[in-house]
Amino acid sequence: MKKLCALILCLLLCAPTALAETLQDCHRFTLTREDTTQSNKSVIRMWQIDTYNQSVNAELMGIAYAYAERIGPTLKKAKNSTSQNSRLDVAIRASRTGLRWMSFLVQARTTYHRDLIGQEITSRTYDMISGYRIQMTDIFAERNEQAWSILRDAVTRGVTESFPDAEPDAEALARLTSDEGMRNLDFTLHGFSMVLHIPAGEVYPGKQTLIEVTLMYPEIRPYMTLEAQEQTDNLTYYKTVALTFDDGPHRTNTTKVLNSLLECGERGTFFVIGNRISEYADLVQRENDEGHAVASHNWTHNSVAKMSASTMRAMVDKVNKQMVAAIGIPTRYDRVPYGLYPDMISAKVGWPLIQWSVDTYDWRGRSVTTIMNNIRSQFTDGDIVLMHDIKDNTPNLTTTLIQWLQEQGYMMLTIDELFAKDGVTLEPDTVYFRCEDGVTTIKSRE
């Protein structure tokens, strides 16, 4: 009997843990911001980062301060009106993968009267324990021609599919996809994807947003080095969830939600109302340029039950025209206001339709404490969370919820990543509530 008990104890101790990893100490960081008003009333906002590794801090802040020192003196004179401002925002985006690696994107975005007039970026990826900088050739071996061919094709496709009404500069694209250009691409690693960041102006003169070329890990992991494969195997370490935000953009609260996501190092999916994109193009651009997925929440927030099928179908071109004007790409999927997806399916609108499996009810104006008490027990792997970035309590809820989810072993994914992790292709006129081991139907409330 003693031998049997000892054997059982040994098996329990040696068996892989079923619990997801909580946020690693080496992945923890803080971001603080400081605004400086120059003599011509222009503003420089500097985000300062403090990570686990001091050498990483020094390099990232060196890059950030260099941007501020060079670009700051060139800012145009601002007027008193907030909408007629002149500013430079130097932000540091952070993302984690595996148990040791982190990626950072230092972004210097220059705006004048809220129009984006310039953007420069520098990316870095590190082993946060050793401080070793991870280069592209640490992820894909120098002689792995198949890997480089996949990356080159993805860049070519991502560039040529952006701004469909314009032609990319052929010589610039050739330089970008040359051997040297590919090895020097800015990239970041996320929960389920590598993102290649290309300033649109490099290939589309006059455009200032970022072209974000996303490669899901299953597509590229077979060609990675062994260490890179280990550090991108996030489904082994973490549970997953997608945070989604409806009804925006909103000048104040969407800005605060974006700041919350930036400070927490996570990405979300914004379902924006089409007829608000033009007025708030700067916020939609910021959503895209900070790595979030941007999707449709119909042209208006009106009930589709009161619309004709032809009116519903006509929304696609109207929304996409505004989306392309703002960020260079059309929407890939939609969330129907009030969740009235059957009408959209009957009308054959053609968008995949994204519902949710956890509703925060933030729109009811409840306190963050009340909301958290109500939803903690609802979470399971693969959930889609419904929030609204137009509500006053949602920015604080975003921070509180993310911090709690991280400690519970969750990694936040975009909608695209959430379904890609299980090999689920989003199909037109099909509704999706979650993605748990490939199951996308409504979640049982037992």
Side-chain angles (χ1 to χ4, degrees), residues 190-193 214 216-219 234-235 238-248 266-274 287 291-299 301 303-305 309 312-313 315-316 319-320 323 329-363 375 378-389 401 405 410-446:
H190 300 270
F192 202 70
S193 64
T214 300
M216 299 300 176
Y217 287 151
E219 181 183 358
N234 290 311
L235 299 187
Y238 306 105
K239 296 175 287 186
T240 61
V241 67
L243 304 183
T244 67
F245 302 89
D246 286 10
D247 295 359
E266 300 290 359
R267 300 189 299 165
T269 299
F270 287 85
F271 290 94
V272 302
I273 298 175
E287 290 168 356
H292 309 292
V294 184
S296 168
H297 197 39
N298 282 15
W299 178 249
H301 204 276
S303 169
V304 294
M312 284 184 258
R313 289 192 294 270
M315 289 191 301
V316 176
V319 171
N320 283 341
M323 199 75 80
I329 55 175
T331 190
R332 299 181 295 279
Y333 39 82
D334 177 80
R335 173 172 287 157
V336 189
Y338 311 108
L340 300 177
Y341 62 87
D343 296 278
M344 294 278 280
I345 293 174
S346 297
K348 299 187 184 307
V349 173
W351 276 322
L353 304 172
I354 309 298
Q355 290 287 99
W356 57 86
S357 53
V358 175
D359 192 343
T360 64
Y361 292 102
D362 56 344
W363 56 271
I375 66 176
Q378 296 183 30
F379 281 93
T380 54
D381 194 10
D383 272 328
I384 298 175
V385 185
L386 174 62
M387 293 186 281
H388 300 79
D389 55 304
L401 178 56
L405 286 168
Y410 283 90
M411 180 170 277
M412 273 114 277
L413 306 181
T414 64
I415 286 295
D416 302 81
E417 290 179 305
L418 187 74
F419 289 94
K421 74 178 175 60
D422 291 340
V424 174
T425 300
L426 297 177
E427 299 291 346
D429 300 315
T430 305
V431 62
Y432 302 88
F433 292 85
R434 58 188 171 125
C435 192
E436 181 181 8
D437 295 327
V439 177
T440 63
T441 53
I442 194 167
K443 187 164 67 172
S444 172
R445 298 300 179 186
E446 295 179 2

Is there a donor-acceptor pair under 3.5 Å between the side chain of Asp429 and the backbone N or O of Ser346? no
Strictly distance-based, threshold 3.5 Å: is any side-chain N or O of Asp359 a donor or acceptor partner for the main-chain N or O of Tyr361? yes
Residue from Tyr338, Trp363, Phe271 passing ring pair (Phe, Tyr, Trp, His ring centres under 6.0 Å) with His301: Tyr338
Closest non-hydrogen contact found for Gly274 with Val319 is CA-CG2, 4.2 Å
Please tell me whether Tyr238 and Tyr410 form a close aromatic pair, meaning their ring centres lie under 6.0 Å apart. no
Could you tell me whether the side chain of Thr244 and the main chain of Val385 form a donor-acceptor pair under 3.5 Å? yes
Do Phe419 and Pro352 come close enough that some side-chain heavy atom pair is under 4.5 Å? no
Shortest non-hydrogen pair, Ala242 vs Ile415, comes out as CB-CD1, 4.0 Å
Over all atoms of both residues, closest heavy-atom pair of Met323 and Ser296: CE-N, 4.5 Å
Pair Glu436 + Lys443, salt bridge at N-O below 4.0 Å: no
Side chain Asp383, main chain Thr380, donor-acceptor under 3.5 Å: yes
Trp299 CH2 to Asn320 CG distance, which is reported to the nearest 0.5 Å: 10.5 Å
Strictly distance-based, threshold 3.5 Å: is any side-chain N or O of Glu417 a donor or acceptor partner for the main-chain N or O of Met216? no
Backbone N or O of Val336 within a donor-acceptor pair of the Asn298 side chain at under 3.5 Å? no
Give the minimum heavy-atom separation between Gly382 and Leu418, together with the two atoms involved. O-CD2, 3.7 Å
Return yes if some donor-acceptor pair links the side-chain N/O of Lys421 with the main-chain N/O of Cys435 below 3.5 Å, else return no. yes
Would you mind telling me which of Thr440, Ile442, Thr441 makes a side chain to side chain contact (heavy atoms under 4.5 Å, CB included) with Tyr432? Thr440
Is the side chain of Arg335 donor-acceptor paired with the backbone N or O of Leu353 at a distance under 3.5 Å, no angle test? no
When rounded to the nearest 0.5 Å, the distance separating CG of Leu413 from OG of Ser193 is 8.0 Å
Please give me the minimum heavy-atom distance between Phe245 and Gly268, naming the atom from each residue. CE1-CA, 4.5 Å
Run the side-chain contact (heavy atoms from CB on, under 4.5 Å) test against Ala293 and tell me which residues pass, sequence neighbours left out. Thr269, Arg332, Tyr333, Thr414, Asp416
Locate the shortest heavy-atom distance separating Val304 from Leu340; write the atom from each residue and the value. CG2-O, 3.6 Å
If you round to the nearest 0.5 Å, how far is CG of Asp246 from CD1 of Ile354? 11.5 Å
Checking Asp381 side chain against Thr240 main chain: does a donor-acceptor pair fall under 3.5 Å? yes
Distance col, row Met312:CE vs Asp343:CG, nearest 0.5 angstrom, shows 5.5 Å
Rounded to the nearest 0.5 Å, how far apart are CD of Glu287 and NE2 of His292? 7.5 Å
With Leu401, which of Val241, Val358, Ile375 fulfils side chain to side chain contact (heavy atoms under 4.5 Å, CB included)? Ile375
Verify the ring-centre separation between His297 and Phe270: is it less than 6.0 angstrom? no
Nearest 0.5 Å, please: how far is CG in Asp422 from CZ in Arg434? 11.0 Å
Closer than 3.5 angstrom, by distance alone: can the side chain of Asp334 be matched with the main-chain N or O of Trp351 as a donor-acceptor pair? no
